[in-house]
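What follows is a set of notes on a single structure, which appears directly below.
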Amino acid sequence: MPMMKTRSLQKICQVLTKPSVVLLTRQQTLTTISRSKYLISCLFFLVSWCALNASVILIPMDAESQDNHLKAYGITYWVLTKQQKVQWLLNYRGGSFLLPDGDPIRKECQIRGVSFEVLSDSEANQILDEISSPSQNQDAVILEKAPKIAVYSPKDNQPWDDAVTMVLTYAEIPYVTIYDEEVLDDKLALYDWLHLHHEDFTGQYGKFYGAYRAAPWYIEGKRLAEERASKLGYSKVSEQKAAVVEKIRRYVIGGGFMFAMCSATDSFDIALAADGVDICEPMFDGDASEANYQSKLDYSRTFAFKNFRLERNPLKYEFSSIDMTGKRRNVPRESDYFSLMEFSAKWDPVPTMLTQNHTTLVKGFMGQTTAFERAEVKPTVMVLGECKLNGEARYIHGIKGKGFFTFYGGHDPEDYQHRVGDPKTELELHPTSPGYRLILNNVLFPAARKKKQKT
């Protein structure tokens with residue numbers, strides 16, 4: 001039996017309540033009353049039937065039920081763009097989504113290969129009642145608005161140069177690419193969520209000098225960076241990047257959401273700490289670095305890290321002691337996994353959202369900055385994922401002013417040791433990637449209705 005539409009019910013109500021000016025006999029009056037009672041009973045039945053059989057869509061996110069976890073985030077984002085709300089069921093079947101039902105949504109799930117289940121309202125309410133129980137470490141968070149997404153990346157980069165742009169493209173989540181010009185022109189205020197591409201914010205060109213200084217791409221990249229800095233009114237690339245970092249810092253403090261991976265994590269904090277201090281050697285900026293620059297670092301300006309020491313050798317492919325890449329000799333590839341921490345869904349919804357997954361054990365992967373020295377992570381920053389073999393922090397999150405930031409170590413969750421020139425990762429082969437899911441958790445995070453964090 002098809003579901004009765006609201007418009008049809010309204011018409012029946014109008015007929016039943018419409019006043020009549022016709023004079024009736026006693027028998028006619030009794031007959032009319034009987035018919036009215038009958039129609040009212042039918043209406044009550046239909047309304048009750050509709051209430052019992054109204055439906056919602058559950059997108060399960062557990063390992064057994066979902067064929068494409070990554071595109072499931074895209075479906076959720078798509079629904080939000082239609083001005084419809086979604087409930088994110090934290091810790092329920094891998095962090096499932098509860099969507100309004102409708103043929104367009106069902107068809108979109110089918111087109112994108114996303115598994116879904118149709119539930120009656122009563123079934124959905126039963127799930128929500130179970131989730132709300134104090135005995136369950138679960139919660140339902142309302143997602144209200146699709147966040148506007150910006151990716152800070154050079155315009156000439158290909159989408160597969162960065163894991164975030166790859167997964168956004170695969171999940172069919174739209175984004176805008178911006179770079180130094182837009183940031184310095186105060187365009188960040190147009191966006192809710194900002195991803196920092198694998199950038200070097202220190203002005204040392206990724207510390208690629210030792211291995212690639214003669215490579216055409218390195219020479220051309222350095223030339224373009226210097227040309228851009230000059231055009232923007234700066235004498236050095238390091239000074240121009242410092243101005244960009246300051247703009248981003250203010251964006252986060254003002255309420256923005258920032259996500260960074262690989263070298264964009266530690267180089268961002270290094271640039272903040274070294275504000276006004278020349279840490280670049282002559283091959284990077286044409287003059288000598290400042291004497292005793294290590295002692296001049298201001299750790300109070302950083303987002304995540306403290307007491308780190310900079311790598312002075314320009315031939316070494318490393319920025320500072322923050323990165324654990326060179327300290328992982330006891331972490332063989334076959335054992336390289338990191339564990340997601342468990343948080344209270346009802347009391348700490350933010351870290352719970354960021355760690356939603358169908359597994360608590362995620363494959364490790366390398367990068368210029370692979371992971372973070374635990375001792376150099378500020379105590380105010382939450383460690384969301386750690387490799388227990390050597391105690392390194394892989395995935396961290398913190399609050400700065402009114403905004404939030406998340407740093408995720410490594411380059412590509414499905415390419416263990418990505419090298420310059422390696423082919424792109426085909427996400428069609430990894431539609432259920434737990435490592436990529438962590439990125440998409442951050443993408444949806446700004447859509448959540450704000451709750452006061454209790455701890």
Mind checking whether [X] and [Y] have side chains closer than 4.5 Å, heavy atoms only?
X    : Y    : value
I270 : F201 : no
D266 : F372 : no
L196 : F268 : yes
F97  : M61  : yes
L184 : L232 : yes

Note to self: Please determine whether the number of non-hydrogen atoms from other residues, nucleotides or ligands lying under 6.0 Å from atom CZ of R328 exceeds 12.
What the structure shows: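 Yes, CZ of R328 has more than 12 neighbouring heavy atoms, counting only those of other groups under 6.0 Å.
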For the residue pair [X] and [Y], does the interplanar ring angle fall in the parallel (under 30°), tilted (30 to 60°) or perpendicular (over 60°) class?
X    : Y    : answer
H358 : H69  : parallel
F445 : F257 : perpendicular
F259 : W193 : parallel
F208 : Y317 : tilted
F407 : F405 : tilted

Next item on the list: Answer yes or no on whether R223 is positioned over the face of Y218, meaning its NZ or CZ is under 6.0 Å from the six-membered ring centre and within 45° of the axis.
Entry: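 Here R223 fails the 6.0 Å and 45° test against Y218.
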Item checked: Y251 and Y191 aromatic centres sub-6.0 Å ->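 No, too far apart.
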Margin query: Would you compute the distance between atom CG of N137 and atom CG of N91 and round it to the nearest 0.5 angstrom?
Written below: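 Result: 5.0 Å between the selected atoms.
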Next item on the list: Please list, chain by chain and in numerical order, all residues satisfying side-chain contact (heavy atoms from CB on, under 4.5 Å) with E311, sequence neighbours excluded.
Entry: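 In terms of side-chain contact (heavy atoms from CB on, under 4.5 Å), with neighbours along the sequence ignored, E311 is linked to K207, N313, K316, E318.
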